[in-house]
Amino acid sequence: MPEHRKFEQVTAKAHANIALIKYWGKRDEELFLPMNSSLSITLDKFYTETSVQFCGKLKKDVFIFNNNIADEAETTKVSNYLNQIRKMAGVERYAMVQSVNHVPTAAGFASSASGYAALASAAVRAIGLDIDQKKLTQVARIGSGSACRSIYGGFVEWTKGNLEDGSDCYAKQLENEDYWDLSILAIQLSAEEKSLSSRAGMKLTVDTSPYYEIWVKEAQKDLGTLKDALHHKDFEQLGQVTESNALKMHATTLGANPPHWYWEAGTISVMNQVRKLRDSGIPAYFTMDAGPNVFVLCQKKDQEVVEQTLLTLKEVQKIYVCQPGPGVSYLAK
Ligand code: ADP
Ligand code: DP6
Ligand code: CO
């Protein structure tokens, strides 16, 4: 590839996703190969926009994050990621990266998913790599595992694969965002950055939790049940398995050494309130990623009553009402 060609600035937009069957644990940390397959819904309200331009004049990568120059640790993370893309393309130029999160960062709202899906999509196109969507999910994966699922909209499965080189580990769309009228209420209890990142939390449980082995088996089973529920549009089955899978993931962290939990008091309040809603005949189910905030799933017809009920809890700061959202798109300049 001639280095004197013009490298355009490319801007990509990617949405975050909430896992119904969680990715929790890596079998290969370098290649981001997961221990278990996972399944998520892409969210319309949470997204990242990232611009990338490779430029011969730069002496190092520059990362502008939420309109500020990023600190050294964040810049190094992005730079190490771009090194892999530069290697794939055989290009040595540094890049100017600008990214804005329309999602709280590192709070358990999946900013690493939208963040790396947007960065991967913009960087690959800006450097002139011609790859298909499947390969793009694999490039996003090596930035943050959950990011591979954000390449697509709707309901997305990340297949763990079995090969050591990761070539059979990728994300695919099961159903698009118009398939099912579900509402996903993202209940904000805290927008603060978590003290233990998802990456460190899952490593701790893989290394030390006696429950970890059981988790892998259960996740495999839960995935089958969830795909069946999706196929039949059986909301109660989808909700039950989503809730149970999240609780099992969080249980592995309680068994870790040192023990860890991502929940706050408000997390439990929301969980209790969701159960009360169910007791009163409204099917609603919760799930939590690695953070205190809760996502509540319900059918669109019940969205208003679920939202109003949860807003009465004193720990609830804000509710983002989401529907299934789209995959990656490119923005015109
Ligand atoms: P979350 O629950 O938000 O996904 P994680 O612990 O998985 O939390 O990851 C948060 C990290 O992801 C941030 O500290 C940052 O390193 C990275 N990240 C988030 N958004 C972006 C972005 N837009 N561009 C690059 N990296 C990002
Ligand atoms: C609990 O994808 O954020 O949200 O691959 O180390 O970047 P890294 O971790 P990340 O982990 C997500 C964990 C989770 C579950 C999920 O999204 O599937
Ligand atoms: Co994350």
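None of these values were measured; they are calculated from a predicted model. Order of listing sets the numbers, starting from 1, for every ligand and every atom in it. The first residue of the sequence shown is numbered 1, and numbering continues consecutively from there.
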CA sep, side-chain torsions, deciding dist, call: Tyr23, Arg149, side-chain contact (heavy atoms from CB on, under 4.5 Å): CA-CA 11 Å; Tyr23 144 54; Arg149 299 186 310 241; 3.8 Å; yes
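Among protein heavy atoms, atom 17 (O) of ligand 2 sits closest to Arg149 NH2, 2.9 Å. Nearest protein neighbour of atom 1 (C) of ligand 2, counting heavy atoms only, is Ala290 N, 3.6 Å. In this structure, atom 3 (O) of ligand 2 lies nearest to the protein heavy atom Ser112 OG, 3.0 Å. At the shortest separation from atom 19 (C) of ligand 1 among protein heavy atoms lies Ser111 OG, 3.3 Å.
Set against the non-hydrogen atoms of Gly115, the atoms of ligand 1 under 4.0 Å away are 21 (C), 22 (C), 23 (N). The Ala106 neighbourhood of ligand 1 comprises atoms 1 (P), 3 (O), 8 (O), 10 (C), with distances under 4.0 Å to a heavy atom of that residue. Of all the atoms in ligand 2, the ones that sit under 4.0 Å from a non-hydrogen atom of Ala19 are 16 (C), 17 (O), 18 (O). In summary, the atoms of ligand 1 found under 4.0 Å from a heavy atom of Ser198, numbered by their order in the structure, are 5 (P), 6 (O), 7 (O). Taking every non-hydrogen atom of Ser146 and a distance limit under 4.0 Å, the qualifying atoms of ligand 2 come out as 2 (O), 3 (O), 10 (P), 17 (O). Heavy-atom proximity to Asn101, at under 4.0 Å, picks out these atoms of ligand 1: 19 (C), 20 (N), 21 (C), 22 (C), 23 (N). Taking every heavy atom of Lys22 and a limit of under 4.0 angstrom, the matching atoms of ligand 2 come to 15 (C), 18 (O). Close approach to Ala107 involves these atoms of ligand 1, each under 4.0 Å from a residue heavy atom: 3 (O). Near Phe63, with a cut-off below 4.0 Å to any heavy atom, the atoms of ligand 1 are 24 (N), 25 (C). With ligand atoms numbered from 1 in the order given, ligand 1 contributes 1 (P), 2 (O), 5 (P), 6 (O), 8 (O) to contacts under 4.0 Å with heavy atoms of Lys194.
Ligand 2 lies out of reach of Ser38, whose nearest heavy atom is not under 4.0 Å from it. Ligand 1 lies nowhere less than 4.0 angstrom from a heavy atom belonging to Asp289. The shortest separation from a heavy atom of Ala290 to ligand 1 is not under 4.0 Å, leaving the residue out of contact. A heavy-atom separation below 4.0 Å is not found between Leu119 and ligand 1. Under a 4.0 Å heavy-atom criterion, Gly291 is not in contact with ligand 1. Ligand 1 is never approached by Arg199 to a heavy-atom distance shorter than 4.0 Å. Heavy-atom separations between Arg141 and ligand 2 are all 4.0 Å or longer. Put simply, no part of Ala110 is less than 4.0 Å from ligand 2, judged by heavy atoms.
Heavy atoms of other residues, nucleotides or ligands lying less than 6.0 angstrom from CG of Asp132 number more than 12.
Looking at Asn36, Thr252, Asn245 one by one, the single match for side chain to side chain donor-acceptor pair (under 3.5 Å) with Trp215 turns out to be Asn36. Of the candidates Phe286, Trp24, Trp263, Tyr211, Trp263 is the only one forming a ring pair (Phe, Tyr, Trp, His ring centres under 6.0 Å) with His250. When each of Leu189, Val274, Thr287 is paired with Val294, the side-chain contact (heavy atoms from CB on, under 4.5 Å) condition holds for Leu189 and for no other. Under the side chain to side chain donor-acceptor pair (under 3.5 Å) test applied with Ser183, the options Gln299, Gln303, Lys301 reduce to a single match, Gln303.
Here the shortest heavy-atom distance to atom 11 (O) of ligand 2, taken over Met202, Lys26, Glu29, belongs to Met202. Here atom 10 (P) of ligand 2 lies nearest to Ser144 when heavy atoms of Gly115, Pro34, Ser144 are compared. Here atom 5 (O) of ligand 2 lies nearest to Tyr23 when heavy atoms of Trp158, Tyr262, Tyr23, Tyr116 are compared.
Relative orientation of the Phe63 and Phe65 rings is parallel, given thresholds of 30° and 60° on the angle between their planes. In this structure, Tyr47 and His102 have parallel ring planes: the angle between them is below the 30° cut-off, well short of the 60° mark.
Tally of protein N, O or S atoms closer to the Co ion (ligand 3) than 2.8 Å: 1.
A cation-pi geometry, defined here as NZ or CZ lying under 6.0 Å from the six-membered ring centre and within 45° of its normal, holds between Arg125 and Tyr330. With a 6.0 Å cutoff to the six-membered ring centre and a 45° limit on the axis angle, Lys60 does not count as a cation-pi contact of Tyr94. Geometric assessment of Lys233 against the ring of Tyr179 yields a positive cation-pi assignment under the 6.0 Å and 45° thresholds.
Residue contacts with ligand 1 for Lys77 involve side-chain atoms from C-beta outward but no N, CA, C or O (heavy atoms, distance under 4.0 Å). The proximity of Phe32 to ligand 2, defined as any non-hydrogen pair under 4.0 Å, is limited to the side chain.
With sequence neighbours excluded, the residues satisfying salt bridge (Lys or Arg N to Asp or Glu O under 4.0 Å) with Asp61 are Arg86.
For Gly145, a nitrogen or oxygen atom sits less than 3.5 Å from a nitrogen or oxygen atom of ligand 2, counting backbone and side chain alike. Remark: ligand 2 and Trp24 share no N or O pair separated by less than 3.5 Å (distance only, no angle test). At least one N or O atom of Arg199 sits closer than 3.5 Å to an N or O atom of ligand 2.
No hydrogens or angles considered: nothing links the side chains of Asn17 and Thr42 as a donor-acceptor pair under 3.5 Å.
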